[in-house]
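This report concerns only the one structure given below.
Both ligands and their constituent atoms are indexed starting at 1 by order of listing.
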Amino acid sequence: MQRRPLLAGNWKMHTTIAEAEKLAAAILQSPIPTDRDVMLAPPFTALNAVSRTLSGSSVILGAQNVCWEVKGAFTGEISPPMLKDAGCSMVIIGHSERRHIFAENDEMINKRVNGALHHGLIPVLCIGETLDERQADQTFKVLEKQLRNGLNGISLENGEQLIVAYEPVWAIGTGKTATVEQAQEVHLFLRDLLAVIYEKNIASQIRILYGGSVTPDNVDELMSQNDVDGALVGGAALKAESFNLIINFKK
Ligand code: PGA
């Protein structure tokens, strides 16, 4: 099964509207190979402006979180139709910073995934173990729980409706990347688990991204692994030069 590689930039809480437009425009400056997808996830405030910058290009707009409700008294939240209105077609859900800094739990994350899918947004469901969990040999147990709970009760028509991102918490923003063997081992485990939760056909279509200190220097090796279908990039996505090198990873 050939899965289209996806290179996704998570801008986190960076960029003013003007900076976001400039960064998106700079990323569009170099041609994007036609055999891969690129997604940019600016902060909410810049979504609409970046959507205009990206119009006419193949680059996909994503958001960094989404509520499960459509509208109402949910101060501080943004609904799926609002994201679609701003031009988004993907949304990052359950990022480790949401889980660890803002106490989002699996149940909430599951509702967000459900809400996104219900409104035709592709969720990028993030999961990952902490250093303590890895050292205590709990990695697979933790990932299984996060994946099963995050997808609880969620049915899929095909595997293209969902993206999973494996982001070991100890590798995010630390300069420590999982080795390619560690990444491949986890990705294969996740794909096998997705085949149990759904079915083999669907699991073989679901793109599984790796995230955590991805740079132009390590992207080729990571992308050479069978079950690594893309990268979710933080720090290195904030500069057009480095993100463009990542987009142009060599197969
Ligand atoms: P990083 O962040 O590339 O800066 O490690 C990745 C992420 O948090 O998505």
Side-chain angles (χ1 to χ4, degrees), residues 5-15 19-20 23-24 27 36-44 46-47 50 59-66 88 90-104 109 112-113 116 121-131 133-134 139 142-143 146-147 150 162-180 182-183 186-187 190 206-223 225 228-249:
L6 170 65
L7 295 312
N10 172 13
W11 294 1
K12 306 194 180 186
M13 199 171 70
H14 294 286
T15 70
E19 287 163 352
L23 179 54
I27 289 165
R36 53 199 75 179
D37 291 332
V38 173
M39 183 268 264
L40 303 180
F44 290 124
L47 284 174
V50 172
V59 177
I60 298 161
L61 187 68
Q64 298 175 20
N65 205 357
V66 67
C88 293
M90 283 186 188
V91 58
I92 298 168
I93 297 175
H95 190 278
S96 69
E97 285 145 22
R98 300 300 319 168
R99 293 176 188 265
H100 296 285
I101 306 173
F102 300 100
E104 288 194 14
I109 289 162
R112 295 190 194 278
V113 171
L121 287 163
I122 299 176
V124 180
L125 170 61
C126 302
I127 58 175
E129 82 286 2
T130 63
L131 187 57
E133 288 162 347
R134 179 164 279 269
T139 299
V142 168
L143 294 173
Q146 289 178 351
L147 192 67
L162 174 73
I163 294 168
V164 173
Y166 168 55
E167 298 204 306
V169 179
W170 48 271
I172 296 178
T174 57
K176 288 193 195 116
T177 331
T179 63
V180 288
Q182 282 171 327
V186 167
H187 283 226
L190 296 175
I206 297 176
R207 287 182 284 185
I208 306 178
L209 314 184
Y210 170 80
S213 298
V214 174
T215 66
D217 293 333
N218 58 28
V219 69
D220 292 355
E221 213 188 354
L222 283 162
M223 292 303 294
Q225 301 301 302
V228 178
D229 306 316
L232 182 53
V233 188
L238 289 171
K239 292 229 156 48
E241 308 89 72
S242 51
F243 194 58
N244 281 335
L245 288 169
I246 289 172
I247 292 172
N248 283 283
F249 77 89

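- Under a 3.5 Å cut-off, the side chain of E167 and the backbone N or O of G128 do not form any donor-acceptor pair.
- Here is the list of ligand 1 atoms found below 4.0 Å of a heavy atom in H95: 7 (C), 8 (O), 9 (O).
- Contacts between I172 and ligand 1 below 4.0 angstrom, taking non-hydrogen atoms only, involve backbone and side chain alike.
- Selection from G234, G173, G235, G211 by nearest heavy atom to atom 5 (O) of ligand 1 gives G173.
- In the vicinity of L232, heavy-atom distances shorter than 4.0 Å reach the ligand 1 atoms 6 (C), 9 (O).
- Using a 3.5 Å distance cut-off with no hydrogens or angles, the side chains of H187 and Q225 do not pair a donor with an acceptor.
- Looking only at distances, a side-chain donor or acceptor of Q182 sits under 3.5 Å from a matching main-chain atom of T179.
- Where the criterion is an N or O separation shorter than 3.5 Å, residue side chain and backbone included, E167 meets it with respect to ligand 1.
- Each of the following atoms of ligand 1 lies closer than 4.0 Å to a heavy atom of K12: 2 (O), 7 (C), 8 (O).
- Only backbone heavy atoms of A171 (N, CA, C or O) come within less than 4.0 Å of ligand 1; its side chain stays farther off.
- Close contacts of ligand 1 with N10, meaning ligand atoms under 4.0 Å from a residue heavy atom, involve 9 (O).
- The side chain to side chain donor-acceptor pair (under 3.5 Å) search around N244 returns S30, not counting sequence neighbours.
- Residue S213 places a heavy atom less than 4.0 Å from ligand 1.
- Under 4.0 Å is where a charged nitrogen must lie from a carboxylate oxygen, and between R99 and E104 no such pair does.
- Of all atoms in ligand 1, listed by their number and element, those nearer than 4.0 Å to a heavy atom of G212 are 5 (O).
- Side chain to side chain, E129 and Y166 meet the donor-acceptor criterion of an N or O pair below 3.5 Å.
- For CD of E221, the number of neighbouring non-hydrogen atoms (other residues, nucleotides, ligands) closer than 6.0 Å is 12 at most.
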